[in-house]
Amino acid sequence: MVRLSTLVSSLALALTASAAIPATDFDVIVVGGGPAGLSVASGLARVRRSVGLFDSHQYRNDPTREMHDVIGNDGTPPADFRAAARDKISTYPTASFIDNAITSLTPVNHTNSSTTFFRAVDSTGAEYTARKVVLATGLIDTLPSTPGLQEAFGKGVFWCPWCDGYEHRDQPFGILGTIDHIVSSLLEIATLNDDIIAFVNGSYTPEEVSALESSYPDWRAQIEAYNVRIENRTIASITRLQDGGEVQNEAQDQQLDIFQINFTEGDPVIRNALLTNFGTAQRSSLPYDLGLAMKDGKIDTSINPGMRTSLAGVFAVGDANSDGSTNVPHAMFSGKRAAVFGHVELAREDMAAAISKRSLSTRALHKEAERAMGDELERIWERIKAKN
């Protein structure tokens, strides 16, 4: 952990030049209008930071009927959740919403100081500037081209049992993906379903089994213990026979989807719901355009605390970052954390600029900065966590 005294020492050395703050349109630009980006905007607006949130209206959970495991919002459609959040955040005078995608971000060196700001261009060609940028750009699920899968995704076919599994509990269930994911998927849904077929789509090969055995040497005993059947035939298509959005057991809080899994040979199989195990990709090219360090296809935020990326002034939150969790509560947590760290980082720069304009000895500079700014950011974050 880097202590504030060290940072102030570095700051004192840097103040031989002017520390003027560049004039920008916003303190912070947030790219992405999902739960992560909205949380950033809320956190910044509540401390009167000017924040511009750019929303392309593309969201990973948009196909989902309802959100779940979001306390107080079980059963809320994602669009309703976002609308309510925007309505509230819009009441803060320093928050702005721009319903366009950001197409480019460029770091700009401020000519009158050693600081950097950012120039953003949106999909209409309009330009905006900000001192900090938060990427809440999310992921896309890279689904196979199997006919019917894309249309069913998020509506009875899902990747997160915490989000959608409870509504399909005690129903004939399927795991959809390669065989090396079969045990990890089983561990996630074993308390929800006991009639399970693993549709491994031709991946039951010596190579794939070897990969599975490296992680789960006793995988055969595990799936036998749960009576999981393996179906290795190649899937030709998935046909929806019933829409659980329309046919439900409301008394039991169950959605009654029905799917027919069709194969290139043999009879089809009927299941009520399917858990998928497919990859993801960054929705936006901005992390690559900025040259950010990546980790397993995610924006690496393990290098610096507070959701910072490898590029100073740029933060990454929500599913797009590398901290290993992809859900709405996590997205909001990461957004709040970036808002706190971003606000105090801005305050540090503001204080440095204010102090540099006065005639102070180095010793006095240290004392004034420490008194004005307090302890390091981690202590501030710990205090905020304890109060919320």
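In this chain, residues are counted from 1 in sequence order. Values below: all heavy atoms of this structure, side chains included; hydrogens, waters and symmetry mates excluded.
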Indicate yes or no: at least one non-hydrogen side-chain atom of [X] is less than 4.5 angstrom from one of [Y].
{"X": "Arg82", "Y": "Asn61", "result": "yes"}
{"X": "Thr280", "Y": "Ile140", "result": "no"}
{"X": "Val314", "Y": "Arg308", "result": "no"}
{"X": "Trp219", "Y": "Val209", "result": "yes"}
{"X": "Leu139", "Y": "Lys298", "result": "yes"}
{"X": "Ile299", "Y": "Met294", "result": "yes"}
{"X": "Ile238", "Y": "Leu274", "result": "yes"}
{"X": "Leu176", "Y": "Leu275", "result": "no"}

What's the spacing between [X] [atom1] and [Y] [atom2] if we round to 0.5 Å?
{"X": "Glu246", "Y": "Gln255", "atom1": "CD", "atom2": "CD", "answer": "11.5 Å"}
{"X": "Leu44", "Y": "Thr94", "atom1": "CG", "atom2": "OG1", "answer": "8.0 Å"}
{"X": "Asn100", "Y": "Asp122", "atom1": "CG", "atom2": "CG", "answer": "4.5 Å"}
{"X": "Phe199", "Y": "Ile261", "atom1": "CZ", "atom2": "CD1", "answer": "4.5 Å"}
{"X": "Leu290", "Y": "Thr309", "atom1": "CG", "atom2": "OG1", "answer": "8.0 Å"}
{"X": "Leu53", "Y": "Ser42", "atom1": "CG", "atom2": "OG", "answer": "11.0 Å"}

Looking at [X], I'd like to know if its [atom1] atom is crowded, meaning that more than 12 non-hydrogen atoms belonging to other residues, nucleotides or ligands lie closer than 6.0 Å.
{"X": "Asp296", "atom1": "CG", "result": "no"}
{"X": "Arg229", "atom1": "CZ", "result": "yes"}
{"X": "Asp194", "atom1": "CG", "result": "no"}
{"X": "Gln150", "atom1": "CD", "result": "no"}
{"X": "Arg220", "atom1": "CZ", "result": "yes"}
{"X": "Tyr288", "atom1": "OH", "result": "yes"}

_Could you check, using the six-membered ring where one of them is a Trp, whether Tyr128 and Phe54 have ring centers closer than 6.0 angstrom?_
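When the ring centroids of Tyr128 and Phe54 are compared, they turn out to be within the sub-6.0 Å range.
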Output yes when a side-chain donor or acceptor of [X] lies under 3.5 Å from a complementary backbone atom of [Y], and no otherwise.
{"X": "Asn232", "Y": "Ser203", "answer": "yes"}
{"X": "Thr326", "Y": "Asp319", "answer": "no"}
{"X": "Ser322", "Y": "Lys295", "answer": "no"}
{"X": "Ser334", "Y": "Ala331", "answer": "yes"}
{"X": "Asp218", "Y": "Ala221", "answer": "no"}
{"X": "Ser39", "Y": "Lys336", "answer": "yes"}
{"X": "Ser90", "Y": "Arg86", "answer": "yes"}
{"X": "Arg169", "Y": "Gln254", "answer": "no"}
{"X": "Ser56", "Y": "Ala101", "answer": "no"}
{"X": "Ser284", "Y": "Leu286", "answer": "yes"}

Does any donor atom in the side chain of [X] or [Y] lie under 3.5 Å from an acceptor atom in the other side chain?
{"X": "Ser302", "Y": "Asp300", "result": "yes"}
{"X": "Asp80", "Y": "Thr76", "result": "no"}
{"X": "Glu345", "Y": "His343", "result": "no"}
{"X": "Asn262", "Y": "Thr239", "result": "yes"}
{"X": "Asp323", "Y": "Thr301", "result": "no"}
{"X": "Asn327", "Y": "Ser325", "result": "yes"}

So if you build clusters from Ile, Leu, Val, Met, Phe, Trp, Tyr with side-chain heavy-atom gaps below 4.5 Å, do [X] and [Y] land together?
{"X": "Val40", "Y": "Val31", "result": "no"}
{"X": "Tyr204", "Y": "Val228", "result": "yes"}
{"X": "Ile230", "Y": "Phe173", "result": "yes"}
{"X": "Tyr216", "Y": "Ile175", "result": "yes"}
{"X": "Phe341", "Y": "Val30", "result": "yes"}

*Phe153/Leu143 under side-chain contact (heavy atoms from CB on, under 4.5 Å): CA gap, chis, key distance, verdict*: CA-CA 9 Å; Phe153 194 64; Leu143 302 178; 3.7 Å; yes
*Given side-chain contact (heavy atoms from CB on, under 4.5 Å), test Leu135 with Leu292 step by step and report yes or no.*
CA-CA 11 Å; Leu135 298 178; Leu292 303 182; 3.7 Å; yes
*Hey, mind stepping through Phe158 and Cys160 against side-chain contact (heavy atoms from CB on, under 4.5 Å) and telling me if it holds?*
CA-CA 6 Å; Phe158 52 88; Cys160 173; 5.6 Å; no
*When you check the gap from the basic side-chain N to the acidic O, do Glu151 and Arg240 get nearer than 4.0 Å?*
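No, Glu151 and Arg240 are not salt-bridged.
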*Would Lys132 and Asp27 pass as an ion pair if we require N to O under 4.0 Å?*
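A salt bridge is absent here (no side-chain N lies under 4.0 Å from a carboxylate O).
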*Give the intermediate values and the outcome of salt bridge (charged side-chain N to carboxylate O under 4.0 Å, His left out) for residues Arg283 and Asp141.*
CA-CA 9 Å; Arg283 180 177 293 279; Asp141 293 280; over 6 Å; no
Side-chain polar contacts of residues 177-192 - donor-acceptor pairs under 3.5 angstrom, sequence neighbours left out - could you list them?
unit_1: Thr178; atom_1: OG1; unit_2: Asp180; atom_2: OD1; d: 2.5
unit_1: Ser184; atom_1: OG; unit_2: His181; atom_2: O; d: 3.0
unit_1: Ser185; atom_1: OG; unit_2: His181; atom_2: O; d: 3.1
unit_1: Ser185; atom_1: OG; unit_2: Asn277; atom_2: ND2; d: 2.2

*Sole residue of Asp350, Ile29, Thr116 in side-chain contact (heavy atoms from CB on, under 4.5 Å) with Arg131*: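 Running side-chain contact (heavy atoms from CB on, under 4.5 Å) over Asp350, Ile29, Thr116 with Arg131 returns exactly one hit, Asp350.
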*asked:* Under the criterion salt bridge (charged side-chain N to carboxylate O under 4.0 Å, His left out), I'd like the reasoning laid out for Lys155 against Asp243: C-alpha separation, chi angles, the key distance, then a yes or no.
replied: CA-CA 8 Å; Lys155 301 174 179 64; Asp243 188 344; over 6 Å; no
*In terms of ring plane angle, is the pair Phe333 and His330 parallel, tilted or perpendicular, where the classes change at 30° and 60°?*
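If you compare the ring of Phe333 with that of His330, the planes turn out tilted.
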*Start with the C-alpha gap between Glu231 and Val200, add the side-chain angles, then the distance that decides, and say whether side-chain contact (heavy atoms from CB on, under 4.5 Å) holds.*
CA-CA 6 Å; Glu231 174 57 75; Val200 299; over 6 Å; no
_Could you check whether Arg233 makes a cation-pi contact with Phe263, meaning its NZ or CZ is under 6.0 Å from the centre of the six-membered ring and within 45° of the ring axis?_
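Yes; both conditions hold, so Arg233 lies above the ring face of Phe263.
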*So among Arg271, Gln242, His168, Gln248, which one has a side-chain hydrogen bond (donor to acceptor under 3.5 Å, both in side chains) with Asp257?*
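When side-chain hydrogen bond (donor to acceptor under 3.5 Å, both in side chains) is applied between Asp257 and each of Arg271, Gln242, His168, Gln248, only His168 qualifies.
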